[in-house]
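As the structure is a prediction and not an experimental result, all values here were calculated from the model. Each chain gets a letter, A, B and so on, in the order its sequence line appears, and its residues count up from 1.
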There are 4 protein chains.
Amino acid sequence: METVETGETPTRLSRRRERRKAEIVRVAISLLATSGYQGMGLDDVADGADIAKPTLYHYFSSKDELVSAALETLSNNVLNRLIAVLDDAPGDAHRDRLRALVNEQIRIMTEEYPEVGTIFAWQTSWPDMHDEARKSMRRRHDAVFRQVVVAGLEAGELDCANIDVALQCLHGIINNASIWLSQMKDSEQTLTTQRDLVSAVMRIFTTEHS
Amino acid sequence: METVETGETPTRLSRRRERRKAEIVRVAISLLATSGYQGMGLDDVADGADIAKPTLYHYFSSKDELVSAALETLSNNVLNRLIAVLDDAPGDAHRDRLRALVNEQIRIMTEEYPEVGTIFAWQTSWPDMHDEARKSMRRRHDAVFRQVVVAGLEAGELDCANIDVALQCLHGIINNASIWLSQMKDSEQTLTTQRDLVSAVMRIFTTEHS
Amino acid sequence: METVETGETPTRLSRRRERRKAEIVRVAISLLATSGYQGMGLDDVADGADIAKPTLYHYFSSKDELVSAALETLSNNVLNRLIAVLDDAPGDAHRDRLRALVNEQIRIMTEEYPEVGTIFAWQTSWPDMHDEARKSMRRRHDAVFRQVVVAGLEAGELDCANIDVALQCLHGIINNASIWLSQMKDSEQTLTTQRDLVSAVMRIFTTEHS
Amino acid sequence: METVETGETPTRLSRRRERRKAEIVRVAISLLATSGYQGMGLDDVADGADIAKPTLYHYFSSKDELVSAALETLSNNVLNRLIAVLDDAPGDAHRDRLRALVNEQIRIMTEEYPEVGTIFAWQTSWPDMHDEARKSMRRRHDAVFRQVVVAGLEAGELDCANIDVALQCLHGIINNASIWLSQMKDSEQTLTTQRDLVSAVMRIFTTEHS
DNA sequence: CATGAATGAGGCTTCATTCAT
DNA sequence: GATGAATGAAGCCTCATTCAT
């Protein structure tokens, strides 16, 4: 949950370094989401993290390394929350587990990372060097959902003609919904919309509807 | 093929100017889609149109004016194709008309504008100046689909709990699918996938499935 | 009074060419005065003369040639008017002739060329190539005044310690007054000020004052 | 020697910053005078200050901000020197004080700022943004001279028909003389000319001459 | 460790000038 | 002769990055 490469110096007061790093990454994720790769200026990152621009280079050797760290952190946080949902309800019906996953994903996007969809969208305009990281994220993210869908299909609880297409639809809906939902002012309406959204997604995977 | 602002001088070889303008806009649309607003450099536009950079200023007085023209051309082309589909089959069942719309939209995105989804996506990082154009495009685009869905709901042919949510899902699926589909190599698989995609979308609007 | 290099083709309907040239030069003089050498864009000149920019090159082979023509026309017009004043009153007292010269110069600057002072001011920022023309203009201009002053000094009508210094003062006063006067709104005040200005200049050349 | 905005951090080697800033401003003043606003290129400023062009932006956020600083520095330096002259001889006769002022102004223009006249001349072609600064400079500059002249008129030591006209003449003479004088090679002649110049100016304000 | 200073590369835009029609 | 089209050079400004303190 901290950063990945810990382990060398178990614990020391260089924890401060990790805290700073995490703060910088947090700002970077936010800027990446709102402004895109080209729009994220190191000036803005430094401002947001309350440090001077050259100080960034004590933590990340280049803009692209910072971006990589941001992508990785973002991936891990999202995946961890999704996996936690599955762990919390290991015995549920597959249909309910899928519903829970979708619901959690939507909550992540409205509450914590309103912008994550724009980062991992298929979209290009990112340097090639990050393609692998973004593809990997999408793959791992897809695997979480796919595993539940496959089990549901085998158990006869779910039903869709083409699982690849169905999962693409799922990702499309979720990515698109992220910013749309986070722009709603009325919080009650937001909740209602979220519920309807989950239902709409479930339609893609089920024949009879609740 | 559809340049705007024609009609003033139906004259002769100033057609060349319009052709050049259209070519520049074409390159701009492509770059906007692949690289985003910030990533679209006038150098690249000029290169793509085989002219020198300052020559761009004979046709567009600034980068933003070129971008505006690109957005407008893109909007008009897409909307015209969708409307043409509706006009071609005015008497069909609403369900079939919706299916035709979705199908056409997907074809637009795979054949002509593989990237249109990324331009009109909710995403930010565009100068405020273009917000209105992008919102307007989404609004008009949504209206085409909504009108068919509303008619279908009233006729009892379609059925969805929340029309706003359903349409958002539709747009999300389509936007997301655009680049995904255009990256497929095998053209037969592409066709199959398109068909499955349309079916998946239709699930959101219908209770019994064909 | 037309342009200088006439004489080859005595008269023809290529008079049109000369008229165009004169119009262009007129616009150029105005822009040179209000915007300076760097500020005078050929776009503006073409606009002001109601022709297209490349058409300028049919009349002047470069910006600098146009500028040269402008300087020459300006010089000639001003000098011609000053000489005409002297010719009109050949027998007057030298003091009165000087007063008439100063008065005419001020009228030129307020009525016809409000900006001429800024062009021939000592100021630099002009390409070297025009230095000679500007120096020559100043020399010829100075000669007109100097000739009267010298005659006045010899006749004992005028009196100044250093004729070079006195003439420099005269030019400085006149150049500076040009834009100052032309900014006055009240035309009666303008007249009064002009009269006082002439008196002030005369003080430099006379011991007893009228 | 007089940098503005000191006092905040009376600290140590951030003095270097102020020195650099002053150096840049010095170069800018010189270029503004010799080349005008449009002629002053940031390339030249950077060359003159022996730094790279982007480095300028560490000190001034735009060309216009640099120009503003240059105008302000120039104004302050000139006014301070003039006021110092008045302070040095507070008890002198008004006529002598005026003579001292004129003398000092001429020395400023020949020794330190040969070009100041061309910057604050009435001339246009400057962006509107600097109009206020230039007008303000002329106003404050005029006030210094006017105050002495008014006192001299009231005391009966000076005499001129129209004080506004007389002061305009003074400024015109001084501005015009600046570059003229600074082009003289022979330093003895320069001194003689300066003295004669002061005498000529004094004629405008006095009836009997020394 | 932290930062002010510095900069090469690149981005948008303007301008005087040439070329083809 | 007149003009729309085209462009190389230059101008102002930004940004990721390095260096010295």
Quiz prompt | Sequence neighbours excluded, every pair satisfying salt bridge (Lys or Arg N to Asp or Glu O under 4.0 Å) that has a member inside residues 22-47 of chain D | solution = E23(D)-R26(D), D43(D)-K53(D)
Exercise. Grab the CD-C1' distance between E23(B) and dA5(F) for me, whole Å please.
Key: 16 Å
Quiz item: Could you give the CG-to-P distance, from D43(D) to dT7(E), as a whole number of Å?
Solution: 13 Å
Quiz prompt | Minimum side-chain heavy-atom gap M40(D)-V67(D) below 4.5 Å | solution = yes
Quiz item: Y57(D) ring centre to K63(D) NZ or CZ under 6.0 Å, with the angle to the axis within 45°?
Solution: no
Quiz item: Which of these nucleotides, dC12(E), dT17(F), dA5(F), is closest to any side-chain atom of L42(A)?
Solution: dT17(F)
Quiz item: Counting side-chain heavy atoms from C-beta on, which of dT13(E), dC13(F), dA6(E) comes nearest to K63(B)?
Solution: dT13(E)
Quiz prompt | d(CD, E18(B); C1', dG4(F)) in whole Å | solution = 13 Å
Quiz item: Are Y59(B) and L66(B) close enough that some pair of their side-chain heavy atoms sits under 4.5 Å apart?
Solution: no
Quiz item: Pairs counted as Watson-Crick or G-U wobble with both distances under 3.5 Å: what dot-bracket string results for DNA chain F, using | for bases tied to another strand?
Solution: .||||||||||||||||||||
Practice problem: For S61(D) and for R20(B), locate the closest nucleotide of DNA chain F by heavy-atom distance; then report the residue assigned to the nucleotide nearer the 5' terminus. | Solution: R20(B)
Quiz prompt | Side-chain heavy-atom pair I119(C), Y113(C) within 4.5 angstrom cut-off | solution = no
Practice problem: Look at the side-chain N and O atoms of R16(C) and state whether any lies under 4.0 Å from the OP1 or OP2 oxygen of dA2(F). | Solution: yes
Exercise. List in numerical order all residues of residues 44-55 of chain D for which some heavy atom is under 4.0 Å away from an atom belonging to DNA chain F.
Key: K53(D), P54(D)
Quiz prompt | Atom-pair distance (CZ on F60(C); P on dT18(E)), nearest Å | solution = 16 Å
Quiz item: Are E18(C) and K21(C) close enough that some pair of their side-chain heavy atoms sits under 4.5 Å apart?
Solution: yes
Quiz item: With a 4.5 Å limit on heavy-atom distance, are the side chains of E72(C) and N76(C) in contact?
Solution: yes
Exercise. Whole angstrom is fine here: how far is it from CD1 in I24(C) over to C1' in dA2(F)?
Key: 12 Å
Quiz item: Any donor and acceptor pair, going by atom type alone, linking the side chain of S136(A) with main-chain N or O of E132(A) inside 3.5 Å?
Solution: no
Practice problem: Specify the residue among Y37(C) and D64(B) whose closest nucleotide of DNA chain E lies further upstream toward the 5′ end. | Solution: D64(B)
Practice problem: Determine the contact category for Y59(C): base if any of its heavy atoms lies under 4.0 Å from a base atom, sugar-phosphate if only primed atoms, P, OP1 or OP2 are that close, otherwise nothing. | Solution: sugar-phosphate
Quiz item: Do L71(A) and W126(A) touch side chain to side chain, with heavy atoms closer than 4.5 Å?
Solution: yes
Quiz item: Tell me: CG of L56(A) to P of dC15(F), nearest whole Å?
Solution: 14 Å
Practice problem: Measure the distance from CD on E65(A) to C1' on dT17(F) and round it to the nearest whole Å. | Solution: 14 Å
Quiz item: Quick one: are D64(A) and Y37(A) in side-chain contact, heavy atoms under 4.5 Å?
Solution: yes
Quiz prompt | Among dC1(E), dA6(E), dG1(F), the nucleotide that comes nearest once only the side chain of R17(A) is considered | solution = dC1(E)
Exercise. Report the distance from atom CD of Q38(D) to atom P of dA10(F), rounded to the nearest whole Å.
Key: 17 Å
Exercise. Determine whether any donor atom in the side chain of H58(C) lies under 3.5 Å from an acceptor atom in the base of dA2(F), or the reverse, and answer yes or no.
Key: yes
Self-check item: Shortest side-chain distance from S62(A), nucleotide among dT14(F), dT17(F), dC1(E)
Solution: dT17(F)
